[in-house]
Amino acid sequence: MVYKDDNIFAKILDNRLSAKILLENEHAIAFNDIAPQAPIHILVIPKGKYIKYDDFIYKASKEEIFNFFTLINQLIKHYDLEETGYRLITNAGKNGNQEVPHLHFHLLAGQNLGKM
Ligand code: AMP
């Protein structure tokens, strides 16, 4: 599968579409989901062109992978979620019902999220 530059998150990354960046580092950004499913619903995406999780882990550098997960950890700390908890999800491909073909993790928190 070839990465397509016309997806929504590619447009956010190169400023064709605006999003309020909550946190950023050299290799990843975080912003609010436009249709939140919980009081806190943040999307974390790599700046590199990766379609989904397996694609990212196979192709990204160790530094990109480290910075991506570090940003998620910084959000957990920033929103004080260590104690209360959170849910981290990444949908991949057809059966995962992935809508946007640029890797993203959903960070959900702020209330009891129920069982999956
Ligand atoms: P997924 O189904 O895992 O691919 O999730 C895609 C997510 O992107 C959904 O939760 C959408 O609400 C969210 N989304 C779509 N467009 C935007 C946007 N412009 N800004 C922020 N989130 C978006």
Side-chain angles (χ1 to χ4, degrees):
M1 200 176 172
V2 179
Y3 181 88
K4 293 194 183 101
D5 276 308
D6 61 353
N7 74 77
I8 294 164
F9 297 163
K11 289 180 182 173
I12 288 175
L13 282 165
D14 64 13
N15 295 315
R16 279 177 285 166
L17 239 164
S18 74
K20 186 178 172 290
I21 309 297
L22 302 171
L23 218 57
E24 176 172 11
N25 65 27
E26 195 187 343
H27 294 296
I29 63 170
F31 52 92
N32 284 316
D33 195 293
I34 206 168
Q37 306 291 310
I40 294 173
H41 186 170
I42 297 168
L43 298 173
V44 184
I45 71 172
K47 290 184 180 176
K49 299 177 178 184
Y50 303 103
I51 300 170
K52 54 191 175 71
Y53 182 72
D54 51 293
D55 184 36
F56 182 57
I57 297 299
Y58 280 132
K59 296 179 190 158
S61 67
K62 285 183 177 149
E63 201 185 4
E64 285 176 286
I65 294 170
F66 178 80
N67 281 332
F68 180 77
F69 288 107
T70 296
L71 196 71
I72 295 177
N73 241 38
Q74 285 170 342
L75 289 161
I76 291 166
K77 200 166 177 56
H78 179 81
Y79 289 92
D80 214 12
L81 304 177
E82 292 110 320
E83 291 298 320
T84 49
Y86 53 88
R87 181 169 287 153
L88 205 50
I89 295 173
T90 187
N91 295 318
K94 193 169 138 240
N95 283 357
N97 280 282
Q98 180 179 9
E99 274 174 35
V100 182
H102 181 112
L103 172 66
H104 49 284
F105 271 60
H106 298 254
L107 175 64
L108 300 142
Q111 68 182 27
N112 189 315
L113 299 161
K115 288 198 182 283
M116 279 200 66

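Below, each value reflects all heavy atoms present in this structure, side chains not excepted, and no hydrogens, waters or symmetry copies. Computed from a prediction, not measured in an experiment: that's the story for all the values here. Just follow the structure's listing: the first ligand is 1, and inside any ligand the first atom is 1.
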- prompt: Does Asn25 reach the main-chain N or O of Asn67 with its side chain, forming a donor-acceptor pair under 3.5 Å?
  reply: yes
statement: Under 4.0 Å between heavy atoms, the region of Thr90 that gets near ligand 1 turns out to be neither
task: Below 4.0 angstrom from a heavy atom of Val100, which ligand 1 atoms are there? Numbered from 1 as shown, please.
output: 4 (O), 6 (C)
task: Pull out every atom of ligand 1 sitting under 4.0 Å from any heavy atom of Asn97, numbered as shown with elements.
output: 2 (O)
message: Can you name the atoms of ligand 1, numbered from 1 with element, that are less than 4.0 Å from a heavy atom of Ala35?
response: 12 (O)
field: Atom indices of ligand 1 within 4.0 angstrom of Asn91 heavy atoms, with elements
entry: 1 (P), 2 (O), 3 (O)
message: Tell me whether Phe69 at atom CZ has more than 12 heavy atoms from other residues, nucleotides or ligands lying less than 6.0 Å away.
response: yes
query: From Leu71 CG over to Glu26 CD, what is the distance, rounded to the nearest 0.5 angstrom?
result: 12.5 Å
message: Strictly below 4.0 Å, N to O, side chains only: are Lys4 and Asp6 in salt-bridge contact?
response: no
- prompt: Counting N and O atoms only, with roles assigned by atom type, does the side chain of Gln98 sit under 3.5 Å from a partner on the main chain of Ile51, one being a donor and the other an acceptor?
  reply: yes
statement: Judged by heavy atoms only, the candidate from Gln37, His41, His104, Lys11 nearest atom 1 (P) of ligand 1 is His104
message: Would you say the rings of His102 and Tyr3 are close, in the sense that their centroids are separated by under 6.0 Å?
response: yes
message: Which of the numbered atoms in ligand 1 are under 4.0 angstrom from any heavy atom belonging to Gln98?
response: 4 (O)
- prompt: Has Phe105 got more than 12 heavy atoms of other residues, nucleotides or ligands less than 6.0 Å from its CZ?
  reply: yes
- request: Enter the distance from Leu108:CG to Leu113:CG here, rounded to the nearest 0.5 Å.
  value: 6.0 Å
statement: Nearest heavy atom to atom 8 (O) of ligand 1, choosing from Phe105, Phe31, Phe9, belongs to Phe9
field: Heavy-atom nearest neighbour in the protein, as seen from atom 17 (C) of ligand 1, with distance rounded to 0.1 Å
entry: Ile34 CG2, 3.7 Å
- request: Starting from atom 4 (O) of ligand 1, find the nearest protein heavy-atom neighbour and note its residue, name and distance.
  value: Glu99 N, 2.7 Å
- line: Any heavy atom of Asn32 under 4.0 Å from ligand 1? The part involved is backbone
- line: Quick note on ligand 1: atoms under 4.0 Å from a heavy atom of Ile8 include exactly 16 (N), 19 (N)
query: Are the aromatic rings of Phe56 and Phe68 close, with centres under 6.0 Å apart?
result: yes
- prompt: atom 13 (C) of ligand 1: which of Ile12, Ile45, Asp33 has the nearest heavy atom?
  reply: Asp33
